Amino acid sequence: MTAADSNPAAILAAEAEAAAKGAAPGGPAAQAGPRGRGPRARNTRAYLQYVAGKLGGALVSMFAVLVTSFFLFRLIPGDPVKQMTGGRRVSSEQLADMRAEFGLDDPVWQQFTDYCGNVLTGDFGTSYQFHTPVMDKITEAIGPTLWLTGTAYVLYTVIGIWLGTRSAWRNGRIGDRFHTGLALTLYSVPSFWLGLLLIITFSVGAGPLPGLFPTGGMESGDESGFAYVMDVAHHMILPVITLVAVGYAQTLLVMRSSLLDEMGSDYLTTARAKGLRDDLVRRRHAVPNALLPTVTLMFVNLGTVVAGAILVETVFSWPGLGGLFYQALSVPDLPLVQGLFFVFATAVILMNTVADVIYPLLDPRVGR
């Protein structure tokens, strides 16, 4: 035993030096406790568990959509094989051959297992009425849908957030009452009815007002280059206005309600007491917290961008996924209907999952 071992002051000094170097008082780093068990590690682990749960729920939902898309549309009355003949006189042998060609004479359970196996490889079958792969028809129609609904999505999101913020901050004034009343009215109006009203007023013409816009379609068919772009934009005006009128109303009401809940919070009173201007209090403190519910709504609406607007596209004869879905239902074209329904539902499920995953990053209280 050395003098240092028997000297308490020397022992305390050695332990202090070891602690400063990150070692345990009783020895080197081998005696140090395990790392990575602090609050940050626990939060990361909890977040990963939360994400895994949401992804698992999304997979279950997609399987439920797969089952629903197969069995639901088989309840539609009508024989798809007879619809494909177009009313022509066809012998029973020819009808039987067509059913065998499309696998409609197989047992339902076999049709379902074949359908699930094909969907996993991205094969939704062959369209009855177009006689082309379903995926090709979806790829062909998704471009016009994204142009139409994507443009409307950007516009009604920006307008809804801006007007919702102004209405809540000026609660009870004339502007707030006007915007809230207009939003409630437009939100309750069926989109197809509003589209028809716009067609009657601005396409056909009403009284002295001449028709200013096309009644339907995406293009005139005789333009190219920049003139083609302007022609498509001209055809988009009325359907985009229809989608924006309904979509902005929902966003405005959610943003306004969320901001009104935040306006009575203590931290805003504290910010004002510190001498911050009212617009800074709103922009830096109130709006970021009030945006959380609106962010969820934005991702939900983003999922419907892919789904399109079936009624609006049908009213304006827009060659997108919505119009294609309506055509498939009228046959019924089972492979095309099933494929479109699965794509629509999957887009919404994925966007909801993304919103659930991002939300804890914006609000740490979620997912604990």
Side-chain angles (χ1 to χ4, degrees), residues 142-171 175-176 178-192 194-195 198 232-233 236-263 279 282-313 316 318 320-322 343-363 366:
I142 196 172
T145 290
L146 292 180
W147 272 112
L148 178 64
T149 57
T151 302
Y153 171 81
V154 173
L155 290 176
Y156 70 65
T157 299
V158 173
I159 294 173
I161 292 176
W162 179 60
L163 290 180
T165 302
R166 291 177 60 87
S167 295
W169 208 254
R170 300 177 180 181
N171 183 31
D176 172 47
F178 171 77
H179 289 302
T180 303
L182 181 62
L184 288 172
T185 302
L186 292 175
Y187 187 56
S188 60
V189 169
S191 58
F192 71 90
L194 181 60
L198 291 176
V232 173
M236 285 178 60
I237 290 177
L238 291 185
V240 166
I241 289 176
T242 304
L243 294 173
V244 168
V246 178
Y248 107 91
Q250 183 184 21
T251 307
L252 182 148
L253 294 174
V254 172
M255 185 65 194
R256 178 181 179 276
S257 176
S258 179
L259 186 55
L260 285 176
D261 291 340
E262 292 292 330
M263 286 174 59
D279 60 333
R282 178 184 61 204
R283 188 171 62 250
R284 294 183 181 180
H285 298 280
V287 172
N289 288 315
L291 273 174
L292 295 178
T294 309
V295 168
T296 303
L297 177 64
M298 289 169 56
F299 278 100
V300 172
N301 291 337
L302 188 60
T304 62
V305 167
V306 178
I310 298 175
L311 295 177
V312 173
E313 288 189 3
F316 288 96
W318 191 263
L321 294 177
V343 170
F344 294 166
T346 300
V348 175
I349 291 171
L350 290 179
M351 289 299 102
N352 285 344
T353 304
V354 171
D356 290 336
V357 170
I358 291 179
Y359 207 90
L361 302 179
L362 302 176
D363 189 352
V366 179

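Since the model is a prediction, treat every value here as computed from it, not as a measurement.
Counting only residues at least two apart or in different chains, salt bridge (Lys or Arg N to Asp or Glu O under 4.0 Å) contacts with residues 236-257 comprise Asp176-Arg256.
Considering only heavy atoms from C-beta on, Tyr248 comes within 4.5 Å of Leu182 through its side chain. Within the 4.5 Å cutoff, the side chain of Trp162 has no heavy atoms near those of the Met255 side chain. Taking the side chain as every heavy atom from C-beta outward, Thr251 and Leu297 approach each other to under 4.5 Å.
Between Leu238 and Phe316, the shortest heavy-atom contact is CB-CE2, 3.5 Å. The nearest pair of heavy atoms linking Glu313 to Gly322 is OE1-N, 2.6 Å. When every heavy atom of Val305 is checked against every heavy atom of Leu146, the shortest pair comes out as CG1-CD2, 3.9 Å. The two atoms that bring Tyr156 and Leu243 nearest to each other are CD2-O, 3.9 Å, heavy atoms only. Of all heavy-atom pairs between Tyr187 and Gln250, the closest is CE1-CB, 3.7 Å. Nearest heavy-atom pair across Pro239 and Leu148 is CB-CD1, 3.7 Å.
Of the inter-residue distances, the one linking Ile358 atom CD1 with Met298 atom CE reads 10.0 Å to the nearest 0.5 angstrom. Annotation: the span from Phe178 atom CZ to Thr180 atom OG1 amounts to 10.5 Å, rounded to 0.5 Å.
Applying the side chain to side chain contact (heavy atoms under 4.5 Å, CB included) test between Thr294 and each of Leu252, Leu259, Ile161, Val287 identifies Ile161 as the sole match.
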>> With side chain to side chain contact (heavy atoms under 4.5 Å, CB included) as the criterion, how do Val246 and Val189 come out once you've worked through the C-alpha distance, each side chain's angles and the decisive distance to 0.1 Å?
In response: CA-CA 8 Å; Val246 178; Val189 169; 5.8 Å; no

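In terms of modelled atom types and a separation under 3.5 Å, the side chain of Ser257 and the main chain of Leu253 share no donor-acceptor contact. Although no hydrogens or angles enter the test, the distance criterion places no donor-acceptor pair under 3.5 Å between the side chain of Thr242 and the main chain of Ser191. Thr157 contributes no side-chain N or O that, together with a main-chain N or O of Val154, makes up a donor-acceptor pair within less than 3.5 Å. Without hydrogens or angle criteria, Trp318 side chain to Val312 main chain gives no donor-acceptor distance under 3.5 Å.
In this structure Ala347 satisfies the side chain to side chain contact (heavy atoms under 4.5 Å, CB included) test together with Val306, sequence neighbours excluded.
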